[in-house]
Every structure is written in structure tokens, then in C-alpha cells.
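The next block holds one structure in the form of C-alpha cells; read it before the comments.
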Amino acid sequence: SQADAYVLGYLGYCALKEKRFADAVGLYQMAKIYQPNNRDWKVGEAQAHIGIGNHVSANAVLEDLLLLDALNIDYLLLQSNVYVKQQAYS
């Protein structure tokens, strides 16, 4: 239900802020089951993937967001951060 999506999404946000990135990924993914087009859940999931160093998954989520809004500066900045971190680890 919509209420479940919001509960899961907000729990994901709390986990993200507490730097519990793996928990945040799971919670945001569950929220997306109920609200697959919610951009907040997608952004949170991308940030959580970045937090655990899963740059490939972060980039996949960001690519999805950029398909919806190609000129969104926040999405572009997150994606550029992913590319920089990928280069640092290469």
C-alpha cells in the first residue's frame, strides 16, 4: 500500500542518515515495490549504494533517474561523484 511505501521509505532515510547503508538500500528497494516511480526512494537508494561503495548499482539507479529528468542537476552531480569515486578505486 501507499502507507507501507512511505513507512519503508522513511525508514530507509533514517538508515541512510545513520550511515547504515546496506539497510537503507534494502528499505528503499522495498519502498519501490509499492511506489516504483517515487524519485525520492530512487535517490536515497543511489546515495546508499554510494555509501557502501557499490558504484555500479548507484550508477544504474542514477541512469534510471536521468531518463526521467535528464537535466536535473542533483542527479547529474550524484552521477559525477560516482564516476570520480570509480576512477579513484581503479
Side-chain angles (χ1 to χ4, degrees):
S1 75
Q2 297 297 312
D4 292 332
Y6 284 106
V7 169
L8 292 165
Y10 292 132
L11 286 172
Y13 176 79
C14 292
L16 182 66
K17 292 303 167 192
E18 292 177 0
K19 299 188 186 319
R20 293 179 19 234
F21 301 118
D23 292 337
V25 168
L27 288 161
Y28 281 125
Q29 288 174 341
M30 287 191 290
K32 286 174 28 184
I33 291 169
Y34 298 103
Q35 292 181 330
N37 297 320
N38 186 308
R39 294 179 189 193
D40 291 332
W41 308 157
K42 292 179 183 188
V43 170
E45 182 187 356
Q47 291 173 326
H49 281 302
I50 292 167
I52 58 177
N54 190 346
H55 302 120
V56 173
S57 294
N59 193 50
V61 175
L62 290 166
E63 286 291 331
D64 184 43
L65 282 164
L66 286 165
L67 287 174
L68 300 171
D69 188 0
L71 299 178
N72 186 304
I73 192 70
D74 294 324
Y75 305 160
L76 291 167
L77 286 171
L78 273 175
Q79 190 175 49
S80 67
N81 285 338
V82 170
Y83 285 130
V84 167
K85 288 181 182 195
Q86 280 179 311
Q87 295 303 314
Y89 292 113
S90 297

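- Closest approach of Ala31 and Ala5 over heavy atoms only: CB-O, 3.6 Å.
- In this structure, Trp41 has its ring center closer than 6.0 angstrom to the ring center of Tyr10.
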Q: Just do the side-chain contact (heavy atoms from CB on, under 4.5 Å) check on Asp69 and Arg39 with the steps written out, would you?
A: CA-CA 10 Å; Asp69 188 0; Arg39 294 179 189 193; 3.7 Å; yes
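- Atom SG in Cys14 sits 12.0 Å away from atom CG in Asp23 (nearest 0.5 Å).
- Tested against Tyr75 for a side-chain contact (heavy atoms from CB on, under 4.5 Å), the candidates Leu65, Leu67, Val61 yield a single pass: Leu65.
- Tyr28 and Asp40 get closest at one heavy-atom pair: CE2-O, 4.3 Å.
- In the hydrophobic cluster analysis, where Ile, Leu, Val, Met, Phe, Trp and Tyr join through side-chain heavy atoms closer than 4.5 angstrom, Val7 is grouped together with Tyr34.
- Considering only heavy atoms from C-beta on, His49 stays 4.5 Å or farther from His55 through its side chain.
- Counting all heavy atoms, side chain and backbone alike, Gly12 lies closest to Ala24 at O-CB, 3.6 Å.
- Each of Leu78, Asn72, Asp74 was compared with Val43 under the side-chain contact (heavy atoms from CB on, under 4.5 Å) criterion, and only Leu78 meets it.
- Counting only heavy atoms from C-beta outward, the side chains of Leu68 and Lys42 approach each other to under 4.5 Å.
- Side-chain contact between Leu27 and Glu45 is absent, with no heavy atoms from C-beta onward closer than 4.5 Å.
- Taking a 6.0 Å sphere around CG of Leu71, one finds it holds 12 or fewer heavy atoms contributed by other residues, nucleotides or ligands.
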Q.
Between Lys32 and Asn38, does the side-chain contact (heavy atoms from CB on, under 4.5 Å) criterion hold? Intermediate values first, please.
A. CA-CA 7 Å; Lys32 286 174 28 184; Asn38 186 308; 6.0 Å; no
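- The hydrophobic cluster containing Phe21 does not contain Ile50, counting ILVMFWY residues as joined when their side-chain heavy atoms lie under 4.5 angstrom apart, directly or transitively.
- Separating the CG atom in Asn59 from the CG atom in Leu66 is a distance of 9.0 Å, to the nearest 0.5 Å.
- To the nearest 0.5 Å, atom CG of residue Asp4 and atom CG of residue Leu8 are 6.5 Å apart.
- Between Tyr6 and Gln35 the shortest side-chain heavy-atom distance falls below 4.5 Å.
- Considering all non-hydrogen atoms of both residues, Val82 and Ala58 come closest at CG2-CB, 4.0 Å.
- Of all the heavy atoms in Ala48 and Val25, the pair that sits closest is CB-CG2, 3.4 Å.
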